[in-house]
Amino acid sequence: MRKNLIVGNWKMHATHLETIQMVQKLSYRLEPSDYERVEVVVCPPFTALRSAQTVIEVDHLRIGLGAQNVFWEEEGAYTGEVAAGMLAKLAVAYVIVGHSERRQLFGESDADANRKVGAVLEHDMTPILCVGETEAEREAGSTEDKVAAQLRVGLQGLQAGAVEKVVIAYEPIWAIGTGRTASADDAGAVVTFIRGLVADEWGPAAEAVRILYGGSVNPGNIAGMMAKPDIDGALVGGASLDPDSLASIVRFWS
Ligand code: 13P
């Protein structure tokens, strides 16, 4: 059975002090039973990871910690970059890889994403590999080709045992930060296609791999997404900055 997973991607928001408050507020709004049904993860900026780690440990919170990016080398002369081993030491459990903002604004390629996935797995953390099409690609009917190519390169060289540990996030670019969410049917269809592709390439890993939807997820549309059997959770941007709305998304059934 795949456990539901809700991940807040805070992007470039929240100082370390704001992060402490946001993590605590989120924890006040969640019950122990919520964590039984859903794994809850927040991804603050690098500068807030240490503070988030501390509040989670001191207050014994069941909220998981994620990072938004990583560099694949172990160490060296790479000014401004952060290595996977550094994140692992902060009790980071998840690392977002290949987010469309990294791809579009910072020129990251599928091959870069592949190296990052490898580095994250090497340090026993879970990569959240993001894939998704532009609006033009969707209109041209090439959504599946785009997503398949991103996955084949992003996961290249991994055995089934490694692929089943990866989380895949399907985030149509036209739905990110726009308030225009994919319909649950459309999102579910692409996620089912992704699971099929994993089955074709990596066999049994397809049953275990968790696949999230991302793109303008909010408390009003999460239940429809979660009703799709292949969608295991969500990667939430804007709505994850408000602890009330993130808690409502976590409690999608209520
Ligand atoms: P929004 O939820 O703000 O659309 O962002 C989605 C996203 O990019 C999460 O990684």
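Small disclaimer: the values here were computed from a predicted structure and weren't measured. Whatever order the structure lists ligands and atoms in, that order sets their numbers, starting from 1.
Ranking protein heavy atoms by distance to atom 9 (C) of ligand 1, first place goes to Glu171 OE2, 2.9 Å. Nearest protein heavy-atom contact of atom 2 (O) of ligand 1 is Gly237 N, 2.9 Å.
At least one N or O atom of Ser216, backbone or side chain, sits closer than 3.5 Å to an N or O atom of ligand 1. In terms of N/O distances under 3.5 Å, ligand 1 is not approached by Val236. Between Lys11 and ligand 1, at least one pair of N/O atoms sits closer than 3.5 Å. Checked by distance only, ligand 1 and Leu235 stay at 3.5 Å or farther apart across all their nitrogen or oxygen atoms. Taking distance alone, with nitrogen or oxygen atoms compared against 3.5 Å, Gly238 approaches ligand 1 more closely than that limit.
Glu39 and Lys3 are not joined by a salt bridge, as no carboxylate oxygen comes within less than 4.0 angstrom of a charged side-chain nitrogen. Salt-bridge check for Arg138 with Asp186: passed, with a basic side-chain N closer than 4.0 Å to an acidic carboxylate O.
Of all atoms in ligand 1, numbered sequentially from 1 with element shown, those under 4.0 Å from a heavy atom of Gly177 are 1 (P), 3 (O), 4 (O). When each atom of ligand 1 is checked for a heavy atom of Gly215 under 4.0 Å away, the hits are 4 (O), 6 (C).
Ligand 1 lies nowhere less than 4.0 angstrom from a heavy atom belonging to Gly214. Residue contacts with ligand 1 include Ala175, since one of its heavy atoms falls under 4.0 Å from the ligand.
Closest heavy-atom contact between Asn221 and Val217: OD1-CA, 3.4 Å.
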Quiz item: Can you check side-chain hydrogen bond (donor to acceptor under 3.5 Å, both in side chains) on Gln24 and Ser27, steps first, answer last?
Solution: CA-CA 5 Å; Gln24 284 177 326; Ser27 74; over 6 Å; no
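Taking NE2 of His99 as the reference point, atom CG of Leu105 lies at 10.0 Å (rounded to 0.5 Å).
When non-hydrogen atoms are compared, ligand 1 lies under 4.0 Å from the side chain of Asn9 (C-beta onward) but not from its backbone.
Side-chain contact, Glu133 with Trp174: a donor N or O sits under 3.5 Å from an acceptor N or O.
Although no hydrogens or angles enter the test, the distance criterion places no donor-acceptor pair under 3.5 Å between the side chain of Thr19 and the main chain of Ala52.
Heavy-atom neighbours of Glu122 CD from other residues, nucleotides or ligands within 6.0 Å: at or below the threshold of 12.
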